[in-house]
Amino acid sequence: MQLVHDIFVLLRKEAILEWRQKYAIGGILLYVLSTVFVVYIAFVRVDAKTWNVLFWIIMLFASINAVVKSFVQENSRRQLYFYTLAHPTAIILSKILYNTLLLGLISILTFVAMSFFTQNMVKDAGLFALILFLGSLGFSIAFTFIAAIAAKANNSATLMAIMGFPVVIPILLTLVKLSANALRIIQDTAYWRDISILLAIDVILLTLVIILFPYLWRD
Amino acid sequence: MWWKILGVVLMLYTIIAGMLIPLSPATAYIDANKTDTGTRLEMTVYGYNTHYTQADDLRVWLKRDTTGYALCANEIKPISDNKISVAFDLPGRVSYFEGATDFSLVVDSGTKDGYSVLPSAVSINQLPGNIQLAESCAINSLNQRAGITFPFRNILEESIRSLYFHVPLWFAMMLLMLISVIYSIVYLSSNNLLYSVRAAAYARVGVLFGILGLITGAIWAKHTWGAYWSWDVKQNTAAVAVLIYMAYFVVRDSFDDLDKQARISSVYNIFAFASLIPLLFVIPRLADSLHPGNGGNPALGSNDLDNTMRMVFYPGVIAMMLIGAWMSNLLWRINWLRLKRLSNF
């Protein structure tokens, strides 16, 4: 119970910090909008298949930019202070939860922006919403942990991309296939298999994060 | 010590046996594919590794694919060791039903080469007409070839030998990566720098094997699929797997402090291995692929490996694993000595 309480307190702290430095979240949202805009200027006309791929590529880059600052924005002394107050599991879980919400917001914004510039290509809204949630969760787990590793090094932005992209590819490939289903580019009635694979990857990565993070933060 | 010798002996055996054992004599292709009933069907049969002119008992049949019904050749004339000219006087009726029926070509070239089958070689179109079904010319007393050979497969041809090197490389890579992850786990629980050095060495040799696996795969793909890189899902995921470990080395190199380097790279190694498993074993099975073992294609099934191939393939796998372990062993010893010398200064 203490853990759950800690997670929510830390989550509130993250949200307050974000609200105080509005430029960070504003920057990410503007990043998404301008990327979508640039992509449409370059493509002019976009069919469903391209829409699908573009959506996830924009999501991927926006996610990595949103999550990379998770551990860099707090200096090591303040982090040490947090670690004396709360269990490392509570800290990483609160960060993952916060990033999931943030990425969920970014994915909705990307979807709205892309639909605004062409049209709504999604045929199965329920499935697509589920995919957005699972995608945000998967990206959040993988990238938050990678950000925690990268923050330990000096050139963290480069490391983040080098480590993050290969690790996230299994999630990304499953997401693209699933969302092709929601856009009715392919008709696969057995898409529950893909969803369970995505869930399984998320659960495995989350378990590993919880086990491994206590080894990571100690210096 | 003994396992190093065993590794070298098995590797030599795999290279010598894998490269020197010839492919079995077989019918490679013919220059006919379609005809009607009641006509004379003339064709040239091209053999691979065959000795048609030395054959003591050269016989040719056309056999219906689904039943035992067969027709004997009326004229057989060897042109050279790899070429025979064959003619069939097709009867008016070879099937109860009108339309095309596939026939396989069976060539028996005596005791030296044995018999071989070219499946679905000719499609014979049954024309209408009230004619009796011609009598079947029975296929009997087929000769078995003598000697040890690898099977001849169309498309694969000589590239079938890649199996003894390409597949063991990946098996060995998976083993080395597994050992590397185990050493990373041991490092995190013991904080002994030696295990981190071992984990890095095993991963490094694993990556080398992965790159060699990609190269041998690309060469094999050039022959069978027509291009070095066909953006096949298996090729892509294998390349990403190599990328993951490249990132592992970048992570290692980006820390100056040895304990910090060991701890953080161990954490990343375990995390990366967890995403390697779905990448190599789950994702390729979901997508369409040309690679055996994916998208419904068989791999290592009874149709793909005959007993002669097994005799070379399994020792090849063991040899590659032993050699990989030996290379990693040498590498971590060198790195460990270097590290100790560094800390003395």
Side-chain angles (χ1 to χ4, degrees), chain A residues 138 141-146 148-178 180 186 188 190-191 193-219, chain B residues 181 184-191 196 207 210 231-257 259-289:
Chain A
I141 296 169
F143 285 147
T144 308
F145 191 64
I146 296 293
I149 297 177
K152 296 280 172 191
N154 298 327
N155 51 346
S156 60
T158 323
L159 261 191
M160 179 88 189
I162 292 173
M163 289 190 286
F165 285 142
V167 168
V168 92
I169 277 181
I171 300 175
L172 188 70
L173 288 178
T174 326
L175 281 173
V176 169
K177 192 176 168 214
L178 265 174
I186 54 169
D188 186 0
Y191 60 77
R193 205 178 50 173
D194 291 325
I195 290 178
S196 51
I197 284 170
L198 205 53
L199 271 174
I201 295 176
D202 285 0
V203 168
I204 291 169
L205 291 186
L206 191 62
T207 318
L208 274 176
V209 165
I210 291 170
I211 295 170
L212 291 176
F213 187 70
Y215 290 101
L216 196 63
W217 69 268
R218 261 189 270 130
D219 262 337
Chain B
V181 163
S184 285
I185 295 169
V186 172
Y187 170 76
L188 285 182
S189 60
S190 71
N191 270 326
S196 161
V207 164
W231 296 104
D232 188 75
V233 66
K234 195 90 175 182
Q235 286 182 318
N236 296 341
T237 53
V240 172
V242 170
L243 274 186
I244 287 182
Y245 280 92
M246 298 276 194
Y248 168 72
F249 299 129
V250 173
V251 173
R252 273 190 82 82
D253 291 342
S254 59
F255 293 97
D256 292 328
D257 181 60
D259 285 307
K260 202 171 171 183
Q261 174 198 60
R263 191 157 42 82
I264 289 167
S265 64
S266 298
V267 166
Y268 180 69
N269 194 11
I270 298 168
F271 195 65
F273 189 77
S275 70
L276 189 72
I277 298 302
L279 200 60
L280 289 182
F281 299 107
V282 182
I283 304 282
R285 276 170 177 66
L286 297 177
D288 294 328
S289 173

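Values in this document were obtained by computation on a predicted structure and should not be read as measured data. Order of the sequence lines fixes the chain letters, A, B, ..., with proteins taken first and strands second; residue numbering starts at 1 for each chain.
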query = So which of A:Val168, A:Leu173, A:Ile197, A:Ile204 has the biggest tally of heavy-atom pairs under 4.5 Å with chain B?
reply =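 Maximum pair count with chain B is reached by A:Ile197.
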key: Residue among A:Val167, A:Ile201, A:Ile162 with most heavy-atom pairs under 4.5 Å to chain B   =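 Highest number of heavy-atom pairs under 4.5 Å: A:Val167.
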query = Between B:Asp257, B:Leu276, B:Asp256, B:Val267, which shows the greatest number of heavy-atom pairs under 4.5 Å with chain A?
reply =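 The answer is B:Val267.
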ask   = chain A: which of B:Ile277, B:Thr237, B:Val251 shares the most heavy-atom pairs with it under 4.5 Å?
value =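 Most pairs with chain A among the choices: B:Val251.
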ask   = Hey, does the side chain of B:Lys260 reach the backbone of A:Lys152 with a donor-acceptor pair shorter than 3.5 angstrom?
value =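 Such a contact is found between B:Lys260 side chain and A:Lys152 backbone.
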request  = Under 4.5 Å heavy-atom distance to chain B, tell me which part of A:Ile146 shows up: side chain, backbone, both or neither.
outcome  = side chain
note = Bottom line for A:Phe145: the part with an atom under 4.5 Å from chain B's heavy atoms is side chain
Taking all non-hydrogen atoms of both residues, which atom of [X] and which atom of [Y] are closest, and how far apart?
X        : Y        : value
B:Leu188 : A:Tyr215 : O-CE2, 3.3 Å
A:Pro166 : B:Val240 : O-CG1, 3.8 Å
B:Phe255 : A:Ile149 : CZ-O, 4.4 Å

Verdict with supporting geometry, B:Ile244 and A:Ile169, side-chain contact (heavy atoms from CB on, under 4.5 Å) = CA-CA 10 Å; B:Ile244 287 182; A:Ile169 277 181; over 6 Å; no
task = Using non-hydrogen atoms and a 4.5 Å limit, figure out which bit of B:Tyr268 sits close to chain A: side chain, backbone, both or neither.
result = both
